[in-house]
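Here is how names work: the chains are called A, B, and so on, in the same order as the sequence lines, proteins then strands, and each is numbered from 1.
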Amino acid sequence: DAGVIQSPRHEVTEMGQEVTLRCKPISGHNSLFWYRQTMMRGLELLIYFNNNVPIDDSGMPEDRFSAKMPNASFSTLKIQPSEPRDSAVYFCASSPGTGDRSQHFGDGTRLSIL
Amino acid sequence: GESVGLHLPTLSVQEGDNSIINCAYSNSASDYFIWYKQESGKGPQFIIDIRSNMDKRQGQRVTVLLNKTVKHLSLQIAATQPGDSAVYFCAENINGGFKTIFGAGTRLFVKA
């Protein structure tokens, strides 16, 4: 079974550049989550969608971050402009939804902003 | 979940021994708890979950115990193997929702 697929796996870019992270959730899952993981702050929920609709974006750091889910099989997380403090591993996860709240994670995108 | 920092709590066990990883949570409204395992370079992997109307749940080699009185969760791994070496996170959901709050994690080392 294909799990959650994230791309790219690694990204290195200079500060000020736009960064786009991509996620394909598991087919049939109704909920999608974006997390950021750093040594200092651990795993932080940034935003989650239910049936392609953003439900809670209170974890999004600031206006430089935006996330979209145009359809049930694709989501993006954008950072514009990027800053060195955005360097982290970004994870996408999906969940079956009603009755099952377990989350299935992708292997993440390691982002380095120089 | 608790505050996080640079240094994860670490548990070191001998292969074949049982491991117990503990977690404290703070929100009385948390109604669903999950344990995840994260290996280096990978995303967290679901291990086992428990709802707040239960106090124990068993899986293959793993048991989760929930004590709502003191807001404590534990993960027991029987006959720990080298492949169990990883960081383990507890996570909580609140009020039937999907928003998940992760704890800081515990690093488990298994000595052969």
Side-chain angles (χ1 to χ4, degrees), chain A residues 1-7 9-10 21 23-26 29-60 69 88-110, chain B residues 1-10 23-27 29-54 57 59 62 64 66 73 75 86-107:
Chain A
D1 286 345
V4 174
I5 299 172
Q6 292 186 246
S7 64
R9 285 299 313 276
H10 304 274
L21 310 182
C23 176
K24 177 178 169 53
I26 294 173
H29 282 195
N30 295 329
S31 299
L32 182 140
F33 306 79
W34 283 101
Y35 290 88
R36 177 172 66 178
Q37 186 174 41
T38 61
M39 286 294 293
M40 285 302 297
R41 301 175 66 90
L43 259 171
E44 302 174 277
L45 177 65
L46 301 177
I47 184 172
Y48 79 92
F49 296 82
N50 201 36
N51 293 322
N52 312 339
V53 176
I55 302 301
D56 187 335
D57 65 353
S58 59
M60 295 286 261
M69 192 165 184
V89 181
Y90 290 81
F91 288 103
C92 176
S94 68
S95 177
T98 308
D100 184 350
R101 288 183 274 172
S102 64
Q103 294 180 25
H104 302 253
F105 283 76
D107 283 338
T109 295
R110 183 173 294 276
Chain B
E2 299 297 325
S3 62
V4 300
L6 287 173
H7 301 289
L8 294 178
T10 299
C23 180
Y25 66 95
S26 56
N27 197 320
S30 294
D31 67 335
Y32 176 66
F33 304 88
I34 319 101
W35 281 99
Y36 289 91
K37 172 187 180 184
Q38 187 176 24
E39 297 174 288
S40 181
K42 295 191 174 183
Q45 177 186 7
F46 173 88
I47 302 173
I48 192 168
D49 58 1
I50 189 168
R51 299 186 189 279
S52 59
N53 60 355
M54 304 171 68
R57 189 158 189 232
V62 294
V64 55
L66 174 63
L73 194 67
L75 177 71
V87 176
Y88 289 81
F89 294 95
C90 64
E92 58 187 300
N93 282 27
I94 300 169
N95 283 339
F98 281 86
K99 183 169 184 174
T100 303
I101 301 170
F102 279 78
T106 296
R107 188 178 299 279

> Got a second to check how far B:I34's CD1 is from A:R101's CZ, nearest 0.5 Å?
Replying inline: 7.5 Å

> Given that the side chain runs from C-beta out, which part of A:R9 has a heavy atom under 4.5 Å from chain B: side chain, backbone, both or neither?
Replying inline: side chain

> Does B:Y36 use its side chain to pair, donor to acceptor, with the backbone of A:Q103 at less than 3.5 Å?
Replying inline: yes

>> Are the side chains of B:P44 and A:F91 in contact, using a 4.5 Å heavy-atom criterion?
In response: yes

>> Once you measure the plane-to-plane angle for A:Y35 and B:F102, does it fall in the parallel (<30°), tilted (30-60°) or perpendicular (>60°) bin?
In response: perpendicular

>> Is B:Q45 in contact with chain A via its backbone, its side chain, both, or neither, using a 4.5 Å heavy-atom distance?
In response: neither

> How far apart are the C-alpha atoms of B:K99 and A:Y48, what are their side-chain angles, what is the distance that settles it, and do they pass the side chain to side chain contact (heavy atoms under 4.5 Å, CB included) test?
Replying inline: CA-CA 8 Å; B:K99 183 169 184 174; A:Y48 79 92; 4.0 Å; yes

> Tell me, side chain or backbone of A:S102 under 4.5 Å from chain B's heavy atoms, or both, or neither?
Replying inline: both

> Quick one: CZ on B:F98 to CD1 on A:I55, what's the gap to the nearest 0.5 Å?
Replying inline: 9.5 Å

>> Tell me which of these, B:Y32, B:F89, B:F46, has more heavy-atom pairs under 4.5 Å with chain A than the rest.
In response: B:Y32

